[in-house]
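Numbers restart at 1 for each chain; the letters A, B, ... are given by sequence-line order, proteins then strands.
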Number of protein chains: 2
Amino acid sequence: MLDRETAREQVLQAAEALFYAQGVQAVGMDAVRGTSGVSLKRLYQLFPSKEALVLQFLERRDTSWRQALARYVDTHATPDEQVLAVYDWLHQWFSEPDYRGCAFINSFGELGGISTAVADQARHHKQAFRDYLAGLVEATGLPQELADQLNLLAEGAITTSAITGTPEPAHQAREAARLLMQAHRQTEKVDTQDAQDTQLTH
Amino acid sequence: MLDRETAREQVLQAAEALFYAQGVQAVGMDAVRGTSGVSLKRLYQLFPSKEALVLQFLERRDTSWRQALARYVDTHATPDEQVLAVYDWLHQWFSEPDYRGCAFINSFGELGGISTAVADQARHHKQAFRDYLAGLVEATGLPQELADQLNLLAEGAITTSAITGTPEPAHQAREAARLLMQAHRQTEKVDTQDAQDTQLTH
DNA sequence: CCCGGGGGAGAACGTCCGTTCTCCCCCGTG
DNA sequence: CACGGGGGAGAACGGACGTTCTCCCCCGGG
């Protein structure tokens, strides 16, 4: 027999693989049992219902996804490199053989209309990612509105890559992010210049 | 009794409202009957199966969505205004009271892993939108890579707006698009300048 | 007026799925 | 060795759903 913790772990791993690949509703508890090797009886001791399992799956994925991203970004030194590293990490992710988009976007599309708990999880995950970007942007000294723009590029790359099946959107997003940072710096300089001009003419 | 065409129309309208609001799998054929007022027998005369109805729903939504966008964009004169008008139109769309994201992204997340027909429809729709943007970009004379970047901004705004529940991402995307166009023009000018400088020094 | 066919309402059928229950085995304890 | 309890395999149960069928009505044509 399996330790309670390892059984739980195997169930969550199986659930993650199945739910992510096929969607939540297309996967029965029987499939989770088959893939995890944990009997139905035990499964229902560990998780009181399928919905509970789905929510645990999302929570687990939220933390592991954000940890992996942060770990990768942390290997870069300057704030500018860190911002761009986000898109390099996305490119790696998109290149995984069974990449099928963001589990939260997918779950939101499937269940967001009928389960507020799932919708809340999606909101929480996306909010956390945006906040993470805001932190990176702050370190660059660039204006906060850049964070929202970087966020849109990342989200767009995630779904576009999922549907087209190529990791290329990550590169496009990275290049756009570079240009946006450049443009914001340009604007700053111009504003400063304007201020100085104004002072001089007085 | 209803004319065959109007019955078909009512079924598709009901299907669109239900599938979009709750997801495909959460809506039974009984709900489609109830909302459309078309009996099950007739429903199955018009569409041989639920899957066929789903595909028709997606096809119909593809054309009507792209038509509405193009109609709005066409009311703007210059190429630059037309590009930005895309995001204004998105803002209108996001502000609809029961906006719940892109039907194709949602369907792809829910069914893309188990139905290649649905995945194909999503690919087709997104490809058509990207091609449309490419046409707008061509009219501005800016480089084609801008089209992919504008596309990412739009896709990102669509999902971010759906999950957060505010239309604000449309404005953020519009501003980012403006900056990107500016940045591309800047780069062009610099390149041209470089070329001229090189000539002068000879 | 009779007749036949198309259509509406909804029952019926078969399947699937979430959840629980039964039965049996195994293992550790006295 | 006897025994009790936890766990595995899978049957069972209740409900939902896609799809088809039954029954009855209505309406137009002879």
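- Between Gln45(A) atom CD and dG8(D) atom C1' the separation is 11 Å, expressed in whole Å.
- Checking dT19(D), dG7(C), dT20(C) against the side-chain heavy atoms of Tyr44(B) singles out dT19(D) as nearest.
- The distance between atom CD of Glu51(B) and atom C1' of dC17(D), rounded to the nearest whole Å, is 16 Å.
- dG7(C) atom P lies 13 Å from atom CG of Leu43(B), rounded to whole Å.
- A salt bridge links Asp120(B) with Arg123(B): the distance from a Lys NZ or Arg NE/NH1/NH2 to an Asp or Glu carboxylate oxygen falls below 4.0 Å.
- The interatomic distance linking Asp3(A) (CG) with dG7(D) (C1') rounds to 14 Å, in whole Å.
- Scored by the salt bridge (charged side-chain N to carboxylate O under 4.0 Å, His left out) test, Asp131(A) finds no partners at all (sequence neighbours excluded).
- If you take CZ of Phe47(A) and P of dG18(C), they are 15 Å apart, rounded to a whole angstrom.
- Residues passing the salt bridge (charged side-chain N to carboxylate O under 4.0 Å, His left out) test with Arg100(B): none are found, sequence neighbours excluded.
- Partners of Asp80(A) under the side chain to side chain donor-acceptor pair (under 3.5 Å) rule, at least two apart in sequence or in another chain, are Arg185(A).
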Give every pair of a protein N or O atom and an N or O atom of nucleotides 9-17 of chain C that lie under 3.5 Å apart, one pair per line with the distance.
| from | atom 1 | to | atom 2 | distance (Å) |
| --- | --- | --- | --- | --- |
| dG10(C) | N7 | Arg33(B) | NH1 | 3.1 |

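- When rounded to the nearest whole Å, the span between CG of Leu46(A) and P of dG6(D) equals 15 Å.
- Judged as a side chain to side chain donor-acceptor pair (under 3.5 Å), and not counting sequence neighbours, the contacts of Gln56(B) are Arg8(B).
- A search for side chain to side chain contact (heavy atoms under 4.5 Å, CB included) contacts involving Arg178(B) returns Leu84(B), Glu175(B), Gln182(B), not counting sequence neighbours.
- Between the CG atom of Asp30(B) and the C1' atom of dG8(C) there is a distance of 14 Å, given to the nearest Å.
- For the pair Leu18(B) CG and dC17(D) P, the interatomic distance rounds to 12 Å; values are reported in whole Å.
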